[in-house]
2 protein chains.
Amino acid sequence: MAQPQTKKAEPPSDSITLTRREREKAARRDTILEAAKDLFYQKGFPDTTMEEIAAAAEVSKGTLYLYFSSKDELYVSIILEGFQIIDGKLEEISATKGDLVEKGRSMFMTFVEFCLENREYFRITQYFLSETARRNLPAALIEGLSTYTTGLLGYVADLVAEGKTAGIIRDDVDPYTFAVIAWRTATGILDLAVIEDETGLAGGEYLDLFEQAFDFLLGGAMERS
Amino acid sequence: MAQPQTKKAEPPSDSITLTRREREKAARRDTILEAAKDLFYQKGFPDTTMEEIAAAAEVSKGTLYLYFSSKDELYVSIILEGFQIIDGKLEEISATKGDLVEKGRSMFMTFVEFCLENREYFRITQYFLSETARRNLPAALIEGLSTYTTGLLGYVADLVAEGKTAGIIRDDVDPYTFAVIAWRTATGILDLAVIEDETGLAGGEYLDLFEQAFDFLLGGAMERS
DNA sequence: TAATATTATGACCACCGGTCAGAAGCGAGC
DNA sequence: GCTCGCTTCTGACCGGTGGTCATAATATTA
């Protein structure tokens, strides 16, 4: 997940020791990351303490801070992992040949379903928007997240642009703007859908709401023949 | 802010003592609430401590807990106040006669602008969606919020229903569903717009994004003549 | 004024994220 | 194989926070 890993197989006696060290460091980092992910997903971000993560990773609390500068940075690293998974799925859809509208719907629903199946992950990404999180985070991480987001939106924007060329989407629709709006509509509804104890709609019922939201947005962007 | 206030001006010697006590209690509660609101709006929720609120309200920290069971409950009480302001604005728009589409846009943008002008308020409402907040909150407060939300959405749903009657909105559009989607689209984008330090778009630029989002949604719901 | 009930106080507690001085581990040179 | 020096690890410790509770102050009643 996002770490060099430097698996170079050049073993002259000199550099090999350094390389093994690096590998061990990366492995420990991964161990911590996995432990943290399990706990965050199980108990949520605020209820997971650094002490617990340290115990689960079988290191001391101090060691945590040798690999991650703060609790916030730790979970942002986990976010990035999730981003890469979604990125893979969208790229796959993007590569298929087929009806443009169905490809769009598929992207939208794939994103939604991933977030519904990984609620804790979604909650974490949302928490990241909060002012507090951003104040305490290394600028590099924020930058990284923005880049990933832009990348994901790119798949949608490209599709919309294709739709314009094909005469399906209106000329005055800006592809990237549409992508942003669709993305934020999805997350807005997800905020609701991710709440377990809600009196109203339950899990599956929300899928229809997402479908309808997509239909409205698309309908507003399509060329009316 | 949802407290009785009991300003009754009936002063028979017997009940007056009891009433005065009640009034004093309510007044204290209000004082605390005002102090907390000022601080929350100024410094944000996480950076405001109970000690500070106590100092600002000129009471001790312990007293805070005689009036509010937790920090969470304190600020949710503030949320309810904000809801009533929005409710008033939407009701006003609802009562005007005029173009249905413009009324809808006006409701959407009024909500958005209120949230942009009261970012702290908006952040609080969003935080309220989190699992943690819900676990620690009195059921009555959650119930209250749901009721208010349903009320706000009612204005939009009624307008959509009117649009259907007028033949502007498609027959198969469910008014309440549309209202929910529009609401969540707004909050989804607001999540982004409310971040100060964002590299990309700045404050005002978002207004256009909201307008476009509204246009897409509406376009998808309108009867295509 | 004395007895009682209500309300306010702030020292105190548990807990958490984060730090740091020192311990432990490990490779290199003699 | 022993020591020296560097890297990695540790856990006691710190500052600060939300929340509690025995006690004090105040108001009410008799």
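Only a predicted model underlies this, so the values are computations on that prediction, with no experimental measurement involved. Order of the sequence lines sets the chain letters (A, B, ...), proteins ahead of strands, with each chain counted from 1.
Taken residue by residue, residues 59-68 of chain A places heavy atoms nearer than 4.0 Å to DNA chain D at Val59(A), Ser60(A), Gly62(A), Thr63(A), Leu66(A), Tyr67(A).
We find that CD of Glu24(A) is positioned 12 Å from C1' of dT7(D), with the value rounded to whole Å. Atom CD in Glu51(B) sits roughly 10 Å away from atom P in dG10(C) (whole-Å rounding). Distance CG (Asp72(B)) to P (dT17(D)): 16 Å, rounded to an integer number of Å. One can place NZ of Lys43(B) at 13 Å from C1' of dT17(D), the figure rounded to the nearest angstrom. Phe45(A) places its CZ atom 10 Å from the C1' atom of dG17(C), with the value rounded to the nearest Å. Nucleotide dT10(D) holds its C1' atom 15 Å from the CE atom of Met50(A), rounded to whole Å. At whole-Å resolution of the value, CG in Leu74(A) and C1' in dG17(C) are 12 Å apart. Atom P of nucleotide dT8(D) and atom CD of Glu58(A) are separated by 20 Å, given to the nearest angstrom.
Remark: Arg28(A) is in phosphate contact with dC9(D), judged by side-chain N or O atoms under 4.0 Å from OP1 or OP2.
A search for salt bridge (Lys or Arg N to Asp or Glu O under 4.0 Å) contacts involving Lys61(A) returns Glu51(A), not counting sequence neighbours. Taking Phe178(B) as the reference, Phe216(A) meet the ring pair (Phe, Tyr, Trp, His ring centres under 6.0 Å) condition, with sequence neighbours excluded. Applying the side chain to side chain contact (heavy atoms under 4.5 Å, CB included) rule to Val156(A) yields the partners Met107(A), Val160(A), Ala179(A); only residues at least two apart in sequence or on another chain are considered. For Ala56(B), the side chain to side chain contact (heavy atoms under 4.5 Å, CB included) test picks out Ala35(B), Leu39(B), with sequence neighbours left out. By the salt bridge (Lys or Arg N to Asp or Glu O under 4.0 Å) test, Glu73(B) is found to be paired with no residue, residues two or more places apart in sequence or in another chain being considered.
In terms of modelled atom types and a separation under 3.5 Å, the side chain of Asp87(A) and the main chain of Phe83(A) share no donor-acceptor contact.
If you check every strand for non-hydrogen atoms under 4.0 Å, Ser69(B) touches nothing.
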